[in-house]
A.B. asks: 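Supplied in structure tokens, the structure appears directly below.
Scope of the values below: all heavy atoms of this structure, side chains included, with no hydrogens, waters or symmetry mates. Lettering of chains follows the sequences in order, A, B, ..., and the numbering in each one begins at 1. None of these values were measured; they are calculated from a predicted model.
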Amino acid sequence: MSEESRDFIRKMVASDVLAGVNGGSVVTRFPPEPNGFLHIGHAKAICLDFGVAEEFGGTCNLRFDDTNPTTEDERYARAIEEDIRWLGFDWNGPSRYASDYFERLYGHAVQLIKDGLAYVDSSSEAEIREYRGTVTKPGRPSPHRDRPVEESLALFGRMRSGEFEDGTYVLRARIDMAAPNMKMRDPLLYRIRHATHHRTGDEWCIYPMYDWAHPLSDAIEGITHSLCTLEFLDNRTLYDWVVDNTRPHVESGELGAWQPRPHQTESARLNLDYTVMSKRKLAELVSEDRVDGWDDPRMPTLAGLRRRGVRPEAIRRFCDLIGVAKADNRVDIGTLEHAIRDDLNRTAPRVMCVLRPLRVEIENYPEGKTEELEAPYFPSDVGLQGSRTVPFSRVLLIERTDFEQDPPKGFYRLAPGREVRLRYAYLITCNDVVRDSETGEVVELRCTYDPETRGGSTPDGRNVRGTIHWVSCEESLPCEVRLYDRLFFEPNPEEDADFHEHLNPTSLVIVPEARVEPSVAEDAPGTHYQFERLGYFVRDSDTGDEGRPVYNRTVELKDPWARRLQDDLRLTEQLIVKVEKADREEAPAGEDTGRQARDELRARRPELATRFERYMSELGLPEEDADLLSGDVAVADLFEGALVVHDSPRGVANWIVNELLRELKDREIESLPFGGEEIGRLVALVEDGTISGRTAKDVFARLVREGGDPREIVRAEGVEQISDPAALRAIVEGAIDGHPEQAARYRAGQSGLLGFFVGQVMRETGGRANPEVLQRLVREKLG
RNA sequence: UGGCCCGUGGUGUAACCGGCAACACACUUGGCUCUGGACCAAGAGAUUCCUGGUUCGAACCCAGGCGGGCCAACCA
């Protein structure tokens, strides 16, 4: 992973390591629930979790999040382990299980109750839902919210010992029923479930919820970076609450003293074109027999991909290609296919297989003769060695689609009277076409071969454009080939209520009577090939009729010829997308909610309303600025404080609105180590020309960090503005001489490069150059 | 209707603390070739969601808007 194009997560981890957070150690975890098979979306997470650990010299745990006994099973856990190993990753130590921590989790819960932060609720499920409120309506406290600690403790103990039925009691955290974040409205921590757990059996009848088990498991395992997907964003507040309100050592420990203290970071999950990714929908495809199990080659599961013939290297490469970010995405299936082809192109030996055979008799080739022709496994550009021989005889089989009675324009395969090359063999010419007397179907081609062209070369140097694959009729092996295509024909099948409607009925086409060259006979299942000119295939573990080998098509070769037909369609699609894009936007201004809030505040506090008016009438500020400045007492005070030392309403307003408001997004104005006076001083320095606007931003940043007098900072740093052309001239010349290519482009009319040169000099001078003077100089020099 | 997250070529991502909008896939054309593959070369494709503002200079900072997503399981 290159330094400059790292994703935001790796940047964050790198900066943590650099800052020595947790002594610079990195511990991640991959936490699947063992209730289904891993799919390519999980592969993205795996590559992230294990990849980050690997790249920063850390470790990654495998932890099964097995807190819901009714859906989980050991056999899924084993399959998940197999898939992770197959991808090429190994976890630190043994597989871990949230269920290993049930006793400790219980202890932490007891402590939480003692700390007054949790209570046992005997409301019904419906009541709890009712009391929780909605996204727009705050919730109301449960009648049991203030149950005495002793009572909750006793009840919780009885929940554990199995005295109560499912659904009668739950343990809840006591947080805030009116929180705008729904996750914080007294979330459930434990529920009663009289069910046999796949690992703990009947030892427990209460089970922790995800939001309780997950942060604690992370903390217990010493996870430093807990990476997950975007839909857990709201859970992070609760995650932090749990970590901060529990003690590493129950009873004696200090609150929130976990070391390392785990932090959750979210990134977007993978969405892929033409498939579904939700576990529920995948399970549905399996249970409804739309596919042949979790490892059906059409499934986006790792088991399916593997059976399809995709190698783990391709999947890891794909994960590299798509990157990691926070924007919702839908990745083009072509990107996956590219990764697969790229991998197989470099590794899969080439052999010949004919899918839909057409008989070819070479009339001038001796009957009964067979010669073994040398055929390399790889083309020279791949660089791998190895070859086998293929038998050539009088009767051959070629691909039916490689012959056309009336060849269309641009077709350069076989046609009556035309010559093509049989790959690795001879040039043949088609002389005659034999048809079925009743159906008129072409059943055989009668050809002649040129004995001088053995191995495919042309001694006379004639150029033959077409080369087709073939097998010997006699020696080739019958085999079954399964052609897989995308499962859905809609790019986003999940968009509509019923994704079944978009199922592609021809996602599997079975070719029962294909013929493959004999060299592959003894190869093991799982062997990858390129069937020349057709695509990449893998030998399946199934066998077909009469013990025939079965081959799965992994992916087709790129085929511009075949694509010609679809081009018109494709073009229309793109046009439609463009039109849609042009249609949206340009919406009229709606209501200004921030403005509304400030107006309401001013209505309640007349002194702010007065200031608002005064800022406009007396100070001549535009309404928008006046509104912002008078929407908060502290901001208004700071503004006026600045005016006392520097009476430039417009300048000061700009600085407060544009720079200060940014800082106020995630901190309180009171916590700033400076006040209005400093802002006034800073603006004064800019306006009297002492420092450039650029420098002022640096000074401001410093002010935010540590406070101080701007005049002092400028003096100490020696960052006064350079306005003397004589002082700048040499630097400008240096910048121009140092970038002759850009200078030439500028002179050629690329005027946007002016900023580039200004930037160069700014960098050189630490932002001290007077931009106007500088710009004039650059323009002069570049003529 | 509340809170939070996110908007950059067709797609996925980059772009240091404001200074040449970059890379990969896909696409087009040409070259090479015993695979209509691979490879090589060239090319096209972006009003950085919109409107204002700040700045010599904005994808990036400020304000507002628009659009998309997530959250109201005793699932994870």
A.B. asks: Expressed in angstrom and rounded to an integer, what is the separation of A:H469 atom NE2 from B:rG36 atom C1'?
C.D. replies: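 Those two atoms, NE2 and C1', are 13 Å apart.
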A.B. asks: Can you list everything that forms a salt bridge (Lys or Arg N to Asp or Glu O under 4.0 Å) with A:R694? Sequence neighbours excluded, please.
C.D. replies: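 Salt bridge (Lys or Arg N to Asp or Glu O under 4.0 Å) check on A:R694 returns nothing, list empty.
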A.B. asks: Return yes if a side-chain donor-acceptor contact under 3.5 Å exists between A:T229 and A:R269, otherwise no.
C.D. replies: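 Their side chains do not contain a donor-acceptor pair, so the 3.5 Å distance test is not met.
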A.B. asks: Whether the side chain of A:Q530 and the base of B:rU35 hold a donor-acceptor pair under 3.5 Å is what I'd like checked.
C.D. replies: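 Donor-acceptor pair under 3.5 Å: yes.
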A.B. asks: Rounded to the nearest angstrom, tell me the gap between atom CD1 in A:I656 and atom P in B:rG53.
C.D. replies: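 To the nearest whole Å, that distance equals 20 Å.
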A.B. asks: Taking only residues two or more places apart in sequence, or in another chain, which ones meet A:D632 in a side-chain contact (heavy atoms from CB on, under 4.5 Å)?
C.D. replies: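 Applying side-chain contact (heavy atoms from CB on, under 4.5 Å) to A:D632 gives A:A634, A:V635.
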A.B. asks: Of all residues at least two apart in sequence or in a different chain, which pass the ring pair (Phe, Tyr, Trp, His ring centres under 6.0 Å) check with A:Y169?
C.D. replies: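 Counting only residues at least two positions away or on another chain, A:Y169 forms a ring pair (Phe, Tyr, Trp, His ring centres under 6.0 Å) with A:F164.
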A.B. asks: From CG of A:L621 over to C1' of B:rU54, roughly how many Å is that when rounded to an integer?
C.D. replies: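 Rounding to the nearest Å, CG of A:L621 and C1' of B:rU54 are 14 Å apart.
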A.B. asks: When the P atoms of B:rA15 and B:rG7 are compared, how many Å lie between them, rounded to an integer?
C.D. replies: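 12 Å, rounded to whole Å.
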A.B. asks: Please report, rounded to the nearest Å, how far the P atom of B:rC5 is from the CD atom of A:Q264.
C.D. replies: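 A:Q264 atom CD is separated from B:rC5 atom P by 14 Å.
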A.B. asks: Checking one value: the base orientation of B:rA42, syn if chi is within 90 degrees of 0, otherwise anti.
C.D. replies: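 In terms of base orientation relative to the sugar, B:rA42 is anti.
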A.B. asks: Return the nearest nucleotide to the side chain of A:T136; candidates are B:rU1, B:rU35, B:rU54.
C.D. replies: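 In terms of side-chain proximity for A:T136, the closest of B:rU1, B:rU35, B:rU54 is B:rU1.
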A.B. asks: Can you identify which nucleotide, out of B:rU35, B:rG36, B:rA14, has its nearest atom closest to the A:A325 side chain?
C.D. replies: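 Within the option list, the nearest is B:rA14.
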A.B. asks: When you check every protein heavy atom under 4.0 Å of nucleotides 16-25 of chain B, what one-letter string (B, S, -) results, 5' to 3'?
C.D. replies: --BBB---SS
A.B. asks: From B:rG69, B:rC61, B:rG37, pick the nucleotide closest to the side chain of A:E659?
C.D. replies: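 Output: B:rC61.
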A.B. asks: In dot-bracket, 5' to 3', how would RNA chain B read with Watson-Crick or G-U wobble pairs under 3.5 Å, [ ] for crossing ones and | for pairs to another strand?
C.D. replies: .((((((..((((.....[..)))).(((((.......))))).....(((((..]....))))))))))).....
A.B. asks: Could you check whether the side chain of A:N654 and the base of B:rG53 have a donor-acceptor pair of N or O atoms closer than 3.5 Å, going by distance alone?
C.D. replies: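 There is none.
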A.B. asks: What residues form a side-chain hydrogen bond (donor to acceptor under 3.5 Å, both in side chains) with A:R768, not counting sequence neighbours?
C.D. replies: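 A:R768: no side-chain hydrogen bond (donor to acceptor under 3.5 Å, both in side chains) contacts found.
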A.B. asks: Are A:Q264 and A:E266 linked by a side-chain donor-acceptor pair shorter than 3.5 Å?
C.D. replies: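 A donor-acceptor contact under 3.5 Å links the two side chains.
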A.B. asks: Taking the same atom, P, in B:rG67 and in B:rG57, what whole-Å distance lies between them?
C.D. replies: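 It comes out at 32 Å once rounded to the nearest Å.
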A.B. asks: Mind checking if A:Y412 touches a base, just sugar-phosphate, or nothing, with heavy atoms under 4.0 Å?
C.D. replies: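 Base contact - A:Y412 has a heavy atom under 4.0 Å of at least one base atom.
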A.B. asks: Looking at residues at least two apart in the chain, or sitting in another chain, which of them share a side-chain contact (heavy atoms from CB on, under 4.5 Å) with A:A701?
C.D. replies: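 Checked A:A701 against side-chain contact (heavy atoms from CB on, under 4.5 Å); matches are A:R705.
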A.B. asks: Could you pull out all donor-acceptor pairs under 3.5 Å where a side-chain atom in residues 211-218 of chain A meets a protein atom, sequence neighbours excluded?
C.D. replies:
| from | atom 1 | to | atom 2 | distance (Å) |
| --- | --- | --- | --- | --- |
| A:D211 | OD1 | A:N235 | ND2 | 2.9 |
| A:D211 | OD2 | A:N235 | ND2 | 3.4 |
| A:W212 | NE1 | A:L105 | O | 3.4 |
| A:H214 | ND1 | A:D65 | OD2 | 2.8 |
| A:H214 | NE2 | A:R29 | NH1 | 2.7 |
| A:S217 | OG | A:A213 | O | 2.6 |
| A:D218 | OD1 | A:R63 | NH1 | 3.3 |
| A:D218 | OD1 | A:R63 | NH2 | 2.6 |
| A:D218 | OD2 | A:S226 | OG | 2.6 |
| A:D218 | OD2 | A:Y239 | OH | 2.7 |

A.B. asks: Would you tell me if any nitrogen or oxygen in the side chain of A:N329 comes within less than 4.0 Å of OP1 or OP2 on B:rU13?
C.D. replies: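 Answer is yes, contact under 4.0 Å.
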A.B. asks: Answer yes or no: side-chain N or O of A:R330 and base N or O of B:rG12 forming a donor-acceptor pair under 3.5 Å.
C.D. replies: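 Side chain to base: no pair present.
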A.B. asks: Using atom CD of A:Q596 as one end and atom P of B:rU1 as the other, report the distance to the nearest whole Å.
C.D. replies: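 From A:Q596 CD to B:rU1 P: 11 Å.
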A.B. asks: Have a look at B:rC71 and give me syn or anti from its glycosidic angle (syn if within 90° of zero).
C.D. replies: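 Anti for B:rC71; the angle lies over 90° from 0.
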A.B. asks: Mind checking what makes ring pair (Phe, Tyr, Trp, His ring centres under 6.0 Å) contact with A:H469, not counting sequence neighbours?
C.D. replies: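 By the ring pair (Phe, Tyr, Trp, His ring centres under 6.0 Å) rule, A:H469 matches no residue at all.
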A.B. asks: Specify the separation, in whole Å, of atom CZ of A:R341 and atom C1' of B:rC39.
C.D. replies: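 Result: 16 Å.
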A.B. asks: Can you list everything that forms a ring pair (Phe, Tyr, Trp, His ring centres under 6.0 Å) with A:H739? Sequence neighbours excluded, please.
C.D. replies: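 Partners of A:H739 by the ring pair (Phe, Tyr, Trp, His ring centres under 6.0 Å) criterion, ordered by chain and then number, come out as A:F756.
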A.B. asks: Indicate whether OP1 or OP2 belonging to B:rA15 is found under 4.0 Å from a side-chain N or O atom of A:K11.
C.D. replies: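 It does, given that an N or O in the side chain of A:K11 lies less than 4.0 Å from OP1 or OP2 of B:rA15.
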A.B. asks: How many Å lie between CD on A:E266 and P on B:rG3, as a whole number?
C.D. replies: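 So the two atoms are 19 Å apart, to the nearest Å.
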A.B. asks: Roughly, in whole Å, what's the span from CG in A:D328 to C1' in B:rG7?
C.D. replies: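 Checked: the CG to C1' distance equals 10 Å.
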A.B. asks: Base, sugar-phosphate, or nothing: which does A:I322 touch, judged by heavy atoms less than 4.0 Å apart?
C.D. replies: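 The residue A:I322 makes sugar-phosphate contact but no base contact.
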A.B. asks: Answer with yes or no whether the side chains of A:E33 and A:T71 bring together a donor and an acceptor at under 3.5 Å.
C.D. replies: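 Yes.
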A.B. asks: Taking the nucleotide of RNA chain B with the nearest heavy atom to each, does A:E532 or A:V657 sit closer to the 5' end?
C.D. replies: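 With A:E532 and A:V657 compared, the 5'-side residue is A:E532.
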A.B. asks: Work out how far the C1' atom of B:rG64 is from that of B:rA21, and round it to whole angstrom.
C.D. replies: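 Nearest-Å result for B:rG64 against B:rA21 at atom C1': 26 Å.
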A.B. asks: Measuring centre to centre across the rings, with the benzene-like ring taken for any Trp, is A:Y529 within less than 6.0 Å of A:F537?
C.D. replies: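 Distance test on ring centres: not under 6.0 Å, no.
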A.B. asks: Measure from NZ or CZ of A:R193 to the centre of the six-membered ring of A:Y207, then state whether that distance is under 6.0 Å and the direction lies within 45° of the axis.
C.D. replies: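 No.
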A.B. asks: Can you name the ring pair (Phe, Tyr, Trp, His ring centres under 6.0 Å) partners of A:F64, sequence neighbours left out?
C.D. replies: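 A:F64 satisfies ring pair (Phe, Tyr, Trp, His ring centres under 6.0 Å) with A:Y97 only.
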A.B. asks: Contact class for A:K665 (heavy atom, under 4.0 Å): base, sugar-phosphate, or nothing?
C.D. replies: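 Sugar-phosphate: the residue A:K665, judged by heavy atoms under 4.0 Å, touches backbone atoms but no base.
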A.B. asks: If you find the nucleotide of RNA chain B closest to A:V331 and the one closest to A:G456, which residue's nucleotide is nearer the 5' end?
C.D. replies: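 Residue closer to the 5' terminus by nearest nucleotide: A:V331.
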A.B. asks: Considering every strand and a 4.0 Å limit on heavy-atom distances, what is the contact class for A:V324: base, sugar-phosphate, or nothing?
C.D. replies: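 Sugar-phosphate contact only - A:V324 comes under 4.0 Å of backbone atoms but never of a base.
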A.B. asks: Base contacts versus sugar-phosphate-only contacts with protein, heavy atoms under 4.0 Å: please encode nucleotides 70-76 of chain B as B, S and - from 5' to 3'.
C.D. replies: BBBSBSB
A.B. asks: Give one of base, sugar-phosphate or nothing for A:Y424, where a contact means two heavy atoms less than 4.0 Å apart.
C.D. replies: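 Counting heavy atoms under 4.0 Å across all strands, the contact made by A:Y424 includes a base.
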